[in-house]
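Because only heavy atoms are used, hydrogens play no part in the values below, and waters and symmetry mates are left out as well, while side chains stay in.
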Amino acid sequence: MGIIIDLKNAIRKSIYTLDKKMNFNFEEIKRAKYPFVFFYIPNYQIIEPQDSTRFAQLNLNCVLEYASEENPDNADLWAYEKTFRLATKNFEFLNTKIFAQNSVFNIVDGVLQMTFDLTLYVKEKDETELMKELQMTIKGA
């Protein structure tokens with residue numbers, strides 16, 4: 001789904017605006033290069049409209065994780081909470097501003113984890129060809 005890649009790029013840009021030296025990851029991390037932020041979407045829901053001219057609602061559950069070093073102090077991790085809040089607070093996505101909803105912060109296995117929800121409205125492009133010209137004759141009764 002192309003919109004997920006666009007979302008990842010928007011969040012990456014928002015994080016880099018606040019922290020230019022951060023290593024941002026979206027794919028599986030094979031070798032950790034500290035400090036890093038890892039973004040993933042564990043699940044999402046699409047609510048299709050009944051009318052094809054309307055937008056579909058896309059509800060995403062997102063996770064951002066921050067690791068400062070291999071064995072960090074909790075205080076170092078909690079210090080990054082503000083960066084996550086600011087990065088997800090009104091960021092630019094496809095020419096509009098969106099923000100994280102229902103944000104929850106936890107420290108899990110030595111990383112600061114922020115889980116949040118996003119609600120987007122998307123419309124698939126109509127790839128069908130429009131009718132160009134119709135020649136028709138109507139006979140009277």
Side-chain angles (χ1 to χ4, degrees), residues 1-139 141:
M1 180 179 248
I3 199 161
I4 301 297
I5 301 303
D6 292 338
L7 178 62
K8 176 222 17 155
N9 291 335
I11 289 178
R12 175 193 291 153
K13 181 180 177 184
S14 187
I15 295 261
Y16 282 161
T17 300
L18 299 167
D19 187 354
K20 295 182 184 350
K21 65 184 186 299
M22 185 53 56
N23 296 305
F24 187 92
N25 298 280
F26 182 67
E27 304 297 331
E28 180 182 350
I29 301 173
K30 296 189 188 318
R31 185 171 167 222
K33 185 177 176 188
Y34 296 98
F36 69 82
V37 166
F38 183 55
F39 172 66
Y40 61 98
I41 299 170
N43 60 62
Y44 64 90
Q45 173 191 32
I46 299 174
I47 301 172
E48 296 285 348
Q50 290 184 359
D51 180 355
S52 64
T53 63
R54 305 272 182 198
F55 288 81
Q57 181 178 333
L58 181 59
N59 298 318
L60 298 116
N61 179 252
C62 304
V63 179
L64 279 169
E65 294 183 340
Y66 165 72
S68 59
E69 56 189 46
E70 194 165 343
N71 296 307
D73 294 329
N74 285 352
D76 292 339
L77 296 175
W78 284 118
Y80 211 77
E81 177 262 348
K82 181 177 180 184
T83 302
F84 276 171
R85 276 189 303 106
L86 292 173
T88 59
K89 188 180 179 172
N90 215 10
F91 65 98
E92 180 96 17
F93 175 68
L94 298 179
N95 297 323
T96 191
K97 298 277 190 176
I98 62 173
F99 62 93
Q101 304 158 357
N102 307 318
S103 300
V104 176
F105 294 90
N106 294 299
I107 292 183
V108 179
D109 296 330
V111 298
L112 174 66
Q113 187 178 73
M114 175 189 183
T115 58
F116 60 96
D117 299 323
L118 292 174
T119 301
L120 310 172
Y121 294 90
V122 295
K123 187 170 184 184
E124 304 235 357
K125 285 186 181 177
D126 185 0
E127 302 292 338
T128 59
E129 187 176 327
L130 295 176
M131 183 170 52
K132 298 194 182 202
E133 186 175 322
L134 177 64
Q135 293 181 355
M136 187 167 68
T137 305
I138 299 176
K139 292 184 178 182

- Run through Leu58, Leu60, Val122 and flag the one making a side chain to side chain contact (heavy atoms under 4.5 Å, CB included) with Ile46. Leu58

- How long is the gap from CG on Asn90 to CD1 on Ile98, to the nearest 0.5 Å? 9.5 Å

- Message: Let me confirm one number: the NZ-CD distance from Lys8 to Glu27, rounded to the nearest 0.5 Å.
- Response: 7.0 Å

- How long is the gap from CG on Leu94 to CD1 on Ile3, to the nearest 0.5 Å? 5.5 Å

- Message: Can you list everything that forms a side chain to side chain contact (heavy atoms under 4.5 Å, CB included) with Asp51? Sequence neighbours excluded, please.
- Response: Thr53, Arg54

- Using 30° and 60° as the class limits, which term best fits the ring planes of Tyr16 and Phe24: parallel, tilted or perpendicular? perpendicular

- Task: State which residues pass side chain to side chain contact (heavy atoms under 4.5 Å, CB included) with Ile29; sequence neighbours excluded, sorted by chain then number.
- Result: Asn25, Ala32, Phe36, Phe38

- Message: If I compare all heavy atoms of Leu112 with all of Phe84, which pair ends up nearest, and what's the gap?
- Response: O-CE1, 3.9 Å

- Query: CG/Leu120 to CD1/Ile4 distance, rounded to the nearest 0.5 angstrom?
  - Reply: 8.0 Å

- Message: With a 4.5 Å cut-off on side-chain heavy atoms, are Gln101 and Leu118 touching?
- Response: no

- Test Phe116 against Asn102 for side chain to side chain contact (heavy atoms under 4.5 Å, CB included), laying out the working first. CA-CA 5 Å; Phe116 60 96; Asn102 307 318; over 6 Å; no

- Query: Donor-acceptor pair, Thr17 side chain versus Lys13 backbone, under 3.5 Å?
  - Reply: yes

- Task: Only counting residues at least two apart or in another chain, list the ones meeting salt bridge (Lys or Arg N to Asp or Glu O under 4.0 Å) with Lys97.
- Result: Glu92

- Enumerate the residue pairs fulfilling ring pair (Phe, Tyr, Trp, His ring centres under 6.0 Å) with a member in residues 91-115, sequence neighbours excluded, ordered by first and then second residue. none

- Shortest non-hydrogen pair, Thr83 vs Leu18, comes out as O-CD1, 3.5 Å

- Distance col, row Asn9:CG vs Phe39:CZ, nearest 0.5 angstrom, shows 10.0 Å

- Message: For a quick test of reading the model, state the closest non-hydrogen atom pair linking Ala87 to Ile15 and the distance between them.
- Response: CB-CD1, 4.0 Å

What side-chain donor-acceptor pairs closer than 3.5 Å can you find for residues 61-81, not counting sequence neighbours?
unit_1: Asn61; atom_1: ND2; unit_2: Asp117; atom_2: OD1; d: 3.2
unit_1: Glu65; atom_1: OE2; unit_2: Tyr40; atom_2: OH; d: 3.4
unit_1: Glu65; atom_1: OE2; unit_2: Gln113; atom_2: NE2; d: 2.7
unit_1: Tyr80; atom_1: OH; unit_2: Asp19; atom_2: OD2; d: 2.9
unit_1: Glu81; atom_1: OE2; unit_2: Arg85; atom_2: NE; d: 2.6

- Task: Mind checking side chain to side chain contact (heavy atoms under 4.5 Å, CB included) for Gln45 and listing every partner two or more places apart, or none if nothing turns up?
- Result: Ile47, Asn59

